[in-house]
Amino acid sequence: MKRISFIETRSPQSNIFRRFPIPRVGAVLLSTMLKQKGYEVKTFIEDIRKPDWSFIENSDLLCISTITSTTHMAYETASRARKLGIPVVMGGAHPTFMAHESLQHADYVVRGEGETALLQLVEFLKTGAPALSSIKSLSYRDRDGSAVDNPPAELVANLDSLPDPDYGLVHGWRNYNIHPVATSRGCAFNCRFCLVSPMFGRKYRFRSLQRVVDELRRIVAVSRSPLFIVDDNFAANKRRTKEILRCMIAEGIKPRWSAMVRPDIYRDEELLRLLADSGKFTASIGFESTSAEALRAYNKHQKVDDNVKCATILKDYGIKIHGMFVFGSDADTVETIKESAEFSTVNQLDSVQFMIMTPLPGTAVYEDLKATQRLLHTDWSTYDINHVVYKPALIAPQDLQLGTIKAMEGFYSWKHIFRHLKTLDLFYAGFGIYSRRMVKKALKDIQGYVRYLNQSCS
């Protein structure tokens, strides 16, 4: 075994932000580790460039990373490779929780974190050792065709033991692509619609300050690309976050960058000042809703007052805000959606993402809706935060569907765009124009699905 290909399958057409792809770190990190072992490796991220099948067809192994909404494409790719006699291993969120389904299309499934399991599997395919039964977190078919799920592996305890992902391995990678950086794994919270805790655990694991700063320094030295910190909560340990920010400021590492944080950061004035001084920073904040009942239904452990104060105080520090909202809880109505949309406009958020609650396999929401027979179907291609795939409690599915997209249309108004033009904020003005155009297209494209919702739920 010499040549190994990785594919991260492309996002759905319905993703209005697909022009701004943020690669998932996993496939690139695993590629890097295998390259260090002496293998010839290439990673194909379909949202960046189409795969080079002349390379893949001469590979000894194909590794496919997929989430639920891209699974249909992943399965097609796996079938194509297996017809050529190429073994296929699948990983990512969907195969982790739907391993037996994935085994209908792949030879192996690596569940959860794959750093140990994949390297051991590659060694097995090369030498016949270690035994498949000893590789934790691996699923495969036994000789009689029955599915086997080996026990789960321990989570990687020392993240510093892992290399920095080498994005030079990505086919078609350019310096203007959004560059993801992971500084931690896990989340102490357990939101009912989220896969982070089921995938990576409820205990935070952090890379060291030196390793994080070294990676940031290396990236900005060769690239002007925007950075995105992919941690579920970059400010989970505020003391550590401040240390990273101080190093960035002291060394002049001031890119355009963004990170996900919880609304409670408004309480820490020192943290806000450091974020404001660290470059062109945008806080990506999971407000989720302005309904207290909806926040409780999501198990968010935050209050509406936190959302209000966060939006106000961060603006006082000149920090840009990308607001993320999830519509469709059992407490949501047409009115609560309108209220959240109005909150975004009144507080002049710089960009928003209004998402439809999606019951992804592995989440508590999925298990509940499945048990109560409220799932409309399991066409995974529509499990993409942009389609209603279940019966909400207090709102008709078609009203939730159209209400979410129309709320996006209302936010990305010409008034919003001109406000940014007036302050010479060309980035967000341009982003607003792009988003307005894509939302208009989404409204047109969704009409057939709305008719389906009307017919199936009448």
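Just so you know, residue 1 is the first one in the sequence shown, and it goes up from there.
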*F427 ring centre to R256 NZ or CZ under 6.0 Å, with the angle to the axis within 45°?*
yes

*Check whether any side-chain heavy atom of L394 sits under 4.5 Å from a side-chain heavy atom of D330, and report yes or no.*
no

*For K280, salt bridge (charged side-chain N to carboxylate O under 4.0 Å, His left out) partners two or more places apart*: none

*SB check D368 R374 (cutoff 4.0 Å)*: no

_I'd like to know whether the aromatic ring centres of F354 and F325 sit less than 6.0 Å apart in this structure._
yes

*Distance only, no hydrogens: is a donor on one side chain within 3.5 Å (strictly under) of an acceptor on the other, for T336 and D332?*
yes

*Is there a donor in the side chain of Y366 and an acceptor in the side chain of T358, or the other way round, less than 3.5 Å apart?*
no

*Is the backbone of V156 close enough, under 3.5 Å, to the side chain of R205 for a donor and an acceptor to pair up by distance?*
yes

_R207 vs D231, salt bridge (Lys or Arg N to Asp or Glu O under 4.0 Å): CA-CA, chis, key distance, verdict_ = CA-CA 11 Å; R207 295 173 67 198; D231 307 16; over 6 Å; no

*Looking just at side-chain N and O atoms, do D379 and H72 make a donor-acceptor pair shorter than 3.5 Å?*
no

_Closest heavy-atom pair and its distance - K136, A117_ = O-CB, 3.4 Å

*Using a distance-only test with no angle check, is there a side-chain donor-acceptor pair under 3.5 angstrom linking S5 and S59?*
yes

*Could you tell me the separation between the CD atom of E8 and the CD1 atom of I64, rounded to the nearest 0.5 Å?*
12.0 Å

*Closest non-hydrogen atom pair between N307 and S289, with its separation*: ND2-O, 2.8 Å

*Is a side-chain N or O of R262 found less than 3.5 angstrom from the main chain of A235, in a donor-acceptor match?*
no

*Under 3.5 Å, is there a donor-acceptor pair between the side chain of E115 and the main chain of L162?*
no

*Ignoring hydrogens and angles, tell me if any N or O in the side chain of Y390 forms a donor-acceptor pair with the backbone of G328 under 3.5 Å.*
yes

*Tell me yes or no: between the side chains of Y428 and T282, is some donor less than 3.5 Å from an acceptor?*
yes

*CD of E215 to CG of L227: how many Å apart, nearest 0.5 Å?*
9.0 Å

*Between W173 and H179, is the ring centre distance below 6.0 Å?*
yes

*May I ask you to check whether F234 and W257 place their ring centers less than 6.0 Å from one another?*
yes

*Which atom pair, heavy atoms only, marks the closest approach of F327 to S340?*
CE2-CB, 3.6 Å

*Counting distance only, does the side-chain N/O of R10 pair as donor-acceptor with the main-chain N or O of M73 below 3.5 Å?*
no

*Ring geometry between H301 and F189 (parallel below 30°, tilted from 30 to 60°, perpendicular above 60°)*: tilted

*Just checking, is any N or O donor in the side chain of S291 or E293 under 3.5 Å from an acceptor N or O on the other one?*
yes

*Pairwise side-chain contact, N190 with R202, heavy-atom cut-off 4.5 Å (strictly under)*: yes

_Check whether F55 forms a cation-pi arrangement with K42 (NZ or CZ under 6.0 Å from the six-membered ring centre, at most 45° off the ring normal)._
yes

*Hey, are the side chains of I395 and T333 touching, using non-hydrogen atoms and a 4.5 Å cut-off?*
no

*asked:* For V326, is there any backbone N or O sitting under 3.5 Å from a side-chain donor or acceptor partner on Y298?
replied: yes

*Heavy-atom closest contact (A259 atom, F281 atom, distance)*: N-CE1, 3.7 Å

*Side chain of Y449, backbone of V388: donor and acceptor closer than 3.5 Å?*
yes

_K338, NZ: over 12 other non-hydrogen atoms inside 6.0 angstrom_ = no

*So, does S146 use its side chain to make a donor-acceptor pair with the main chain of D142 at under 3.5 Å?*
no

_Polar side-chain atom of S102 near backbone of M98 as donor-acceptor pair, under 3.5 Å_ = yes

*Quick one: does D107's side chain have a donor or acceptor within less than 3.5 Å of a partner on V88's backbone?*
yes

*Kindly compute the distance separating CG (L376) from CD (Q373), expressed to the nearest 0.5 Å.*
12.5 Å

*asked:* Any donor-acceptor pair under 3.5 Å linking the side-chain atoms of H322 with those of S351?
replied: yes

*Look at the aromatic rings of F343 and F287 and report parallel, tilted or perpendicular, splitting at 30° and 60°.*
perpendicular

*List the atom of E101, the atom of T71, and the distance in Å for their closest heavy-atom pair.*
OE2-CG2, 4.1 Å

*Is it true that K315 and D350 make a salt bridge, defined as a side-chain N closer than 4.0 Å to a carboxylate O?*
yes

_Heavy-atom pair of closest approach, residues F206 and S184_ = CD2-CB, 3.6 Å

*Could you check Y75 against Q104 for side chain to side chain donor-acceptor pair (under 3.5 Å), going step by step and ending with a plain yes or no?*
CA-CA 9 Å; Y75 291 162; Q104 297 174 28; over 6 Å; no

*Find out whether L132 and L121 are in side-chain contact, i.e. whether some heavy atom of one side chain is under 4.5 Å from a heavy atom of the other.*
yes

